[in-house]
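Being a predicted model, the structure only gives us computed values, none of them experimental. Computed from heavy atoms alone, side chains included, the values below leave out hydrogens, waters and symmetry copies. By convention in this document, chain letters (A, B, ...) are assigned in the order of the sequence lines, proteins followed by strands, and residues within each chain are numbered from 1.
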2 protein chains.
Amino acid sequence: MHETTRSPQGHPFGPLHIAEVLQLVQASVPIQRRLVRADDVVIHAGQPFANLYIVNTGFYKLVSLSGEGREQVVGLHFKGDWMGLDGIAGGHYGSEAVALDTGEIWAVSYEALLQAAMSTPALLVAMHSAMSRELVRDHEALLSLCTLPADARVAGFLRYWAAALEQRGLRTDHVTLRMSRAEIGNYLGMTLETVSRALSRMARGEVIHFAEKGRREIHIPQVQALTSFIQDVCATPVGAATLR
Amino acid sequence: MHETTRSPQGHPFGPLHIAEVLQLVQASVPIQRRLVRADDVVIHAGQPFANLYIVNTGFYKLVSLSGEGREQVVGLHFKGDWMGLDGIAGGHYGSEAVALDTGEIWAVSYEALLQAAMSTPALLVAMHSAMSRELVRDHEALLSLCTLPADARVAGFLRYWAAALEQRGLRTDHVTLRMSRAEIGNYLGMTLETVSRALSRMARGEVIHFAEKGRREIHIPQVQALTSFIQDVCATPVGAATLR
DNA sequence: CGGGCATTTGAAGCAGATCAATTACTGTGG
DNA sequence: CCACAGTAATTGATCTGCTTCAAATGCCCG
């Protein structure tokens with residue numbers, strides 16, 4: 001989306017590539033590695049804040065729990081993303097981080113990070129960029145949620161996932177969703193049936209194709225088609241208050 | 001909500017009170033003050049990132065613009081809040097900051113902030129806390145948006161606004177909304193008519209009262225009643241996918 | 001005092017939720 | 001390797017909360 005995949009060598013304050021950030025962290029602070037499998041809980045909501053977690057491999061969802069038992073997927077995280085950032089302010093993690101498949105995450109002490117930042121400002125900027133990116137992403141999610149109809153949100157979800165893969169140098173034509181229809185629906189603010197219908201509609205429109213077995217393998221001939229699909233759907237726009 | 005209004009003197013790494021953060025910033029970095037009036041644009045989306053903005057007085061909304069002209073209020077900001085944080089990652093501000101009435105905002109250079117942070121770690125933690133708080137808030141907004149029916153979201157909005165005022169030592173029984181029904185609706189993902197009806201319903205239920213003239217002055221006898229109202233409404237729950 | 005905008009309120013329509021039933025896939029034990 | 005149980009996904013029919021459309025009222029400001 002933006003030009004975040006640049007900076008070959010990278011001067012101290014410029015934006016770093018995902019791999020460069022991982023190297024930088026590795027070189028600056030002690031890291032505790034942890035291998036996880038699907039459904040492993042990496043961060044428990046409510047636990048005292050101490051570490052930040054950086055995704056080395058795998059896919060993760062962030063889940064917010066309300067007091068009354070409502071739960072909400074509030075974010076997805078890929079290689080190079082930081083997790084646990086919402087714990088800095090209150091001293092406790094604000095949401096659960098759950099692995100969507102096997103992977104490796106790095107735990108680094110926030111205190112150690114602050115220390116290291118004194119001598120390595122680039123580390124600080126990398127962390128700030130991670131937080132900033134998450135804010136931007138949250139705002140995009142909010143925008144999509146409030147202004148797009150269900151079908152467009154599902155298409156936007158696929159596009160987002162594909163973009164995340166592409167940014168990390170992975171192929172985007174064959175995508176394996178790591179989430180059930182229910183999880184996707186929860187993230188997008190709709191029911192699992194609506195997700196299913198949206199996907200069926202996209203498949204019928206040749207925007208995506210399902211792999212022979214298993215409805216979670218999705219073939220996306222051209223990501224750009226998702227964008228057109230979104231715009232098509234929005235010819236009949238949704239009705240939330242338009243400003244002024 | 002949390003115990004964020006503590007720390008009388010405040011050791012370097014503990015959470016600071018809003019006024020303490022403002023003092024700290026003032027003592028550590030050069031500040032450019034700006035007086036604004038309602039509808040003044042403090043930050044223009046897309047402009048090159050350079051400064052962070054701290055609210056000294058007034059109320060502000062953050063608006064995200066999509067390429068296709070959709071716009072979405074993604075946040076509200078009060079005294080002590082930082083704005084422009086979404087610009088760090090991409091080098092450009094991601095949303096417009098618009099004043100909702102008169103106030104004073106402080107512009108501080110991000111570079112200067114990084115410099116000052118070297119000698120004043122507390123400043124860094126204050127900034128991180130601000131970002132972290134915004135992430136938490138975004139997640140709360142998402143949760144509310146996806147799991148609560150319209151009436152509950154409006155009540156939650158009032159409760160949020162009252163809590164923000166209380167945290168800043170202001171009275172919460174008489175609240176003056178600085179936003180139109182359309183703005184509120186946009187923020188909450190519903191139409192202005194639905195906002196109006198929700199408020200009417202709350203007034204009918206004695207949860208709030210309107211001041212004699214001007215439907216933006218709202219009397220909230222007891223903030224706690226808003227919470228009960230939300231739970232009442234949720235007896236008939238909304239249907240977004242529940243996880244697993 | 002009057003024009004223009006914000007808000008309220010009512011009536012009707014619809015996108016998406018809910019309910020329900022079938023099909024497809026995954027893992028497990030024989 | 002196959003049968004079977006349990007879960008995930010699809011698809012259809014119906015229902016409903018919220019949007020849309022419409023109209024009246026109230027309020028601010030020149």
Side-chain angles (χ1 to χ4, degrees), chain A residues 37-39 70 100-101 144-155 176-204 208-218 232-244, chain B residues 38-39 70 100-101 144-155 176-186 188-204 208-218 232-244:
Chain A
R37 288 181 306 176
D39 295 327
R70 293 170 285 132
L100 294 174
D101 70 346
S144 155
L145 208 52
C146 290
T147 68
L148 293 181
D151 282 13
R153 300 211 295 278
V154 175
T176 305
L177 295 181
R178 301 313 208 281
M179 305 164 73
S180 69
R181 302 289 187 262
E183 285 174 303
I184 296 170
N186 179 284
Y187 181 51
L188 299 177
M190 65 188 70
T191 59
L192 64 95
E193 291 95 332
T194 300
V195 175
S196 177
R197 281 186 245 267
L199 289 173
S200 297
R201 223 128 41 202
M202 274 184 264
R204 216 169 297 134
I208 62 171
H209 297 282
F210 287 109
E212 50 279 19
K213 300 285 178 195
R215 308 275 92 63
R216 293 197 189 181
E217 307 269 341
I218 289 181
D232 282 5
V233 169
C234 292
T236 311
V238 82
T242 163
L243 256 33
R244 59 198 74 253
Chain B
D39 295 327
R70 293 170 287 132
L100 294 174
D101 70 345
S144 155
L145 208 51
C146 289
T147 68
L148 293 181
D151 281 15
R153 299 212 296 277
V154 175
T176 304
L177 296 182
R178 300 312 210 282
M179 305 164 75
S180 69
R181 301 290 187 264
E183 284 175 303
I184 296 170
N186 180 285
L188 300 177
M190 64 188 72
T191 59
L192 64 94
E193 292 93 331
T194 301
V195 175
S196 178
R197 281 185 246 267
L199 290 174
S200 297
R201 227 131 35 207
M202 274 183 263
R204 217 169 296 132
I208 62 171
H209 297 282
F210 287 109
E212 53 278 18
K213 299 288 177 189
R215 309 273 95 64
R216 293 197 190 182
E217 306 270 341
I218 288 181
D232 282 5
V233 169
C234 294
T236 311
V238 82
T242 163
L243 257 32
R244 67 196 71 253

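Nearest heavy-atom pair, Arg153(A) versus Leu148(A), reported as atom, atom and distance to 0.1 Å: NH1-O, 2.7 Å.
Atom CG of Leu199(A) is separated from atom P of dT10(D) by 6 Å (rounded to the nearest Å). Distance Arg201(B) CZ to dC18(D) C1': 10 Å, rounded to the nearest Å. The distance from atom CZ of Phe210(B) to atom P of dA6(C) is 17 Å, rounded to the nearest whole Å. Atom P of nucleotide dG16(C) and atom CG of Leu148(A) are separated by 10 Å, given to the nearest angstrom. Taking atom CE on Met179(A) and atom C1' on dA8(D), their separation rounds to 15 Å, with Å as the unit. Look at CZ on Arg216(A): it is 10 Å from P on dT10(D), rounded to the nearest Å. Between the CE atom of Met190(A) and the P atom of dC18(D) there is a distance of 16 Å, rounded to whole Å.
Just one of Arg216(A), Arg215(A), Glu217(A) meets the side-chain contact (heavy atoms from CB on, under 4.5 Å) condition when paired with Phe210(A); it is Arg215(A).
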Identify all pairs in which a protein N or O lies below 3.5 Å from an N or O of nucleotides 21-25 of chain C, and state each distance.
residue	atom	partner	partner atom	Å
dA24(C)	O3'	Arg215(A)	NH1	3.4
dC25(C)	OP1	Arg215(A)	NH1	3.0
dC25(C)	OP1	Arg215(A)	NH2	3.3

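Residue Ser200(B) is classed as a sugar-phosphate contact, given heavy-atom separations below 4.0 Å to backbone atoms only.
Within 3.5 Å, no donor on the side chain of Arg197(B) pairs with an acceptor on the base of dG17(D), nor the reverse.
Where Glu193(A) and Arg153(A) meet DNA chain C, the nucleotide closest to each residue was compared, and Arg153(A) sits on the side nearer the 5' end. With the nearest nucleotide of DNA chain D identified for both Ser196(A) and Asp151(B), Ser196(A) has the one nearer the 5' end.
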